[in-house]
Protein chains: 2
Amino acid sequence: MAKSKNAKTIDTSTEEKIKKAARVVFYRKGFAATRTRDIAEESGINLALLNYYFRSKEKLFHLIMLETVSGFVQNMTFILNNEKSSFEKKIELIASNYIDFIVKEPNIPIFMLSEIRNDADGLFESLPVLQPLMQSVFFKQHQEYVTKGKIVEPNPFHFLINLLALTVFPFISSPLLKLVGGVSNTQFEMMMQDRKKLIPVWIKAMMKAK
Amino acid sequence: MAKSKNAKTIDTSTEEKIKKAARVVFYRKGFAATRTRDIAEESGINLALLNYYFRSKEKLFHLIMLETVSGFVQNMTFILNNEKSSFEKKIELIASNYIDFIVKEPNIPIFMLSEIRNDADGLFESLPVLQPLMQSVFFKQHQEYVTKGKIVEPNPFHFLINLLALTVFPFISSPLLKLVGGVSNTQFEMMMQDRKKLIPVWIKAMMKAK
DNA sequence: GTCTATAGGGGGATAGAC
DNA sequence: GTCTATCCCCCTATAGAC
């Protein structure tokens, strides 16, 4: 871990350039299909420097993955554990924040979900960030709504899956959508903006459906 | 393409054994992370035979992918173009059939969607099977419902995304669900069976939501 | 810290015996 | 058709000069 000196504007150090390039390439191609040469080329640095700073391709990958998952969960737990905001408000914020987040890095979901499936070295099992979800205020509020009869289907996992599915899946399936439906990039982005408002409406309708 | 002789019971030929093993390994690890040695080991055949029958790893992969996509779309187009069945009935059939299909091969969705993202050799662009979707009876019926005011959101892509999201996404996110939520395999399978009935109910509720 | 050159190993593919 | 042995390229990683 090289010390990051005085970060005047943005960190333009070699270390950070490599990480930035690694994110781009790993997100797009996954670990196995990525060559260290790709990362070196993408960042404009020499191949040997990758090993100088990060020891190995695998070490660099683990670092990127850890930071990515952390970023993904970070402001989410903040939303989920807010005692003040209502259940409905949380749904709106989750949809809105996740969509904004993923629009900036559209490849993150498919990247994470495809790397997790063959988690040979048990990287994901040791990730600290994931447990708080189940004891969050959000889930307690969900439970309340179930007992009050405001939500028909009692299984909270169905609810969680549905919320994530409506929010995340469009990005995962966007290549297919563009291929089959001929949807353009700008069309797609506009649709995702629309969904910030649509998803909460849909979810609320689903809650009462039977 | 070796001729498949008289298939008495099930095709137990070497060629078919290799393909079967290739499906297993490709589905689980993706193209780049798969070694031809993995496939040989999985099928119990000699490594050289893979090249004897299929010329190269890439050729074998293309074959598997083509057959996979075809199977995925096959009975679906049949459902979508049935003039007799109602719009609602089609929704039920799609959810039910897709879930049955994916339960048998849970890795197919993440496999397809992660391979399509970096489609370097343009394999997916040349796939014949995908176009009929947009001119199907199903989409015409959707359009009717929009004009009749039975569906609030007019964009058919939102509808398609939502239906696929609720059906397919659970399988893609199942590793995460098992990790974070501690959901067991049997629990998960039961939930997927429940969703055959739940998804049509939810979708109908979403249609009228605003 | 950054470069060039190269070691070292893994993995796809093939030659050739049977 | 099936096997063993082997080729050879590509990719990660490191040695060593600057």
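Every value quoted in this text rests on a predicted model; they were computed, and no experiment measured them. Lettering follows sequence order; numbering is per chain, from 1.
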Asks: Using the side-chain heavy atoms of A48(A), tell me which of these nucleotides is nearest: dG1(D), dG12(C), dT4(C).
Replies: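 Nearest to the side-chain atoms of A48(A), counting from C-beta on, is dT4(C).
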
Asks: Taking CZ from R55(A) and P from dA13(D), how many angstroms apart are they, rounded to a whole number?
Replies: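 After rounding, the gap between these two atoms is 10 Å.
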
Asks: When the distance from CG of D38(B) to P of dA13(C) is rounded to whole Å, what number comes out?
Replies: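 For the pair D38(B) CG and dA13(C) P, the rounded distance is 14 Å.
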
Asks: Taking the side chain of L49(A) as heavy atoms from C-beta outward, which of dT12(D), dC3(C), dT2(D) is closest to it?
Replies: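 Looking only at heavy atoms from C-beta outward on L49(A), the closest nucleotide is dC3(C).
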
Asks: From the options dG1(D), dA13(D), dG1(C), select the nucleotide whose nearest atom is closest to the side chain of Y52(A).
Replies: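 The nucleotide sitting nearest to the side chain is dG1(C).
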
Asks: Strictly below 4.0 Å, heavy-atom distances to any atom of DNA chain D: list the hits from residues 21-29 of chain B, or just say none.
Replies: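 Per residue number, the list is empty: none.
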
Asks: Can you find a side chain N or O atom of N51(B) that sits less than 4.0 Å from OP1 or OP2 on dG12(C)?
Replies: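 False: N51(B) side-chain N/O out of range (4.0 Å or more) of dG12(C) OP1/OP2.
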
Asks: Tell me whether N82(B) contacts the main-chain N or O of K84(B) through its side chain, where contact means a donor paired with an acceptor under 3.5 Å.
Replies: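 Pair found, side chain donor or acceptor close to backbone of K84(B).
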
Asks: Given dG1(D), dC3(D), dG1(C), identify the nucleotide with an atom nearest to the side chain of N46(B).
Replies: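 Looking only at heavy atoms from C-beta outward on N46(B), the closest nucleotide is dC3(D).
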
Asks: Measure from NZ on K17(B) to P on dG1(D) and round the result to the nearest Å.
Replies: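 Distance check: K17(B) NZ to dG1(D) P gives 13 Å.
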
Asks: In whole angstrom, what separates I45(B)'s CD1 from dT4(D)'s C1'?
Replies: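 Taking CD1 of I45(B) and C1' of dT4(D), I get 14 Å after rounding.
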
Asks: Given dT2(C), is OP1 or OP2 found less than 4.0 Å from the side-chain N or O atoms of T14(A)?
Replies: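 Looking at the OP1 and OP2 atoms of dT2(C), one of them is under 4.0 Å from a side-chain N or O of T14(A).
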
Asks: Provide, to the nearest angstrom, the distance between the CG atom belonging to L47(A) and the C1' atom belonging to dA7(C).
Replies: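 The distance from CG of L47(A) to C1' of dA7(C) comes to 14 Å, rounded to the nearest Å.
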
Asks: Determine, for K20(A) against E67(A), whether the closest basic-nitrogen to carboxylate-oxygen distance falls under 4.0 angstrom.
Replies: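 No, K20(A) and E67(A) are not salt-bridged.
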
Asks: Picking from Y27(B), F111(B), F171(B), F72(B), what satisfies side-chain contact (heavy atoms from CB on, under 4.5 Å) with E105(B)?
Replies: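 Of all the options given, the one that passes is Y27(B).
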
Asks: Give a yes or no answer on whether the side chain of D38(A) reaches the backbone of R35(A) with a donor-acceptor pair at less than 3.5 Å.
Replies: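 Confirmed, D38(A) side chain pairs with R35(A) backbone.
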
Asks: Can K90(B) and S85(B) be counted as having a side-chain donor-acceptor contact under 3.5 angstrom?
Replies: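 The answer is yes; a qualifying pair exists.
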
Asks: Return the orientation label for the F169(A) and F169(B) ring planes: parallel under 30°, perpendicular over 60°, tilted otherwise.
Replies: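 Perpendicular, since the angle between the ring planes exceeds 60°.
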
Asks: Within the structure, does a side-chain N or O atom of T36(A) lie under 4.0 Å from either OP1 or OP2 of dT12(D)?
Replies: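 Yes, T36(A) has a side-chain N/O under 4.0 Å of OP1/OP2 on dT12(D).
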
Asks: Whole angstroms only, please: what is the CD1-P distance between I39(B) and dG12(C)?
Replies: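 Taking atom P of dG12(C) as the reference, CD1 of I39(B) is at 8 Å.
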
Asks: Measure from CZ on R37(B) to C1' on dT14(C) and round the result to the nearest Å.
Replies: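 Spelled out: CZ on R37(B) to C1' on dT14(C) is 12 Å.
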
Asks: Quickly work out the E15(B) CD to dT2(D) P distance and round it to whole Å.
Replies: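 Distance check: E15(B) CD to dT2(D) P gives 10 Å.
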
Asks: What heavy-atom pair brings V201(A) and K197(A) nearest, and what distance separates the two atoms?
Replies: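 Heavy atoms only, the tightest pair is CG2-O, 3.3 Å.
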
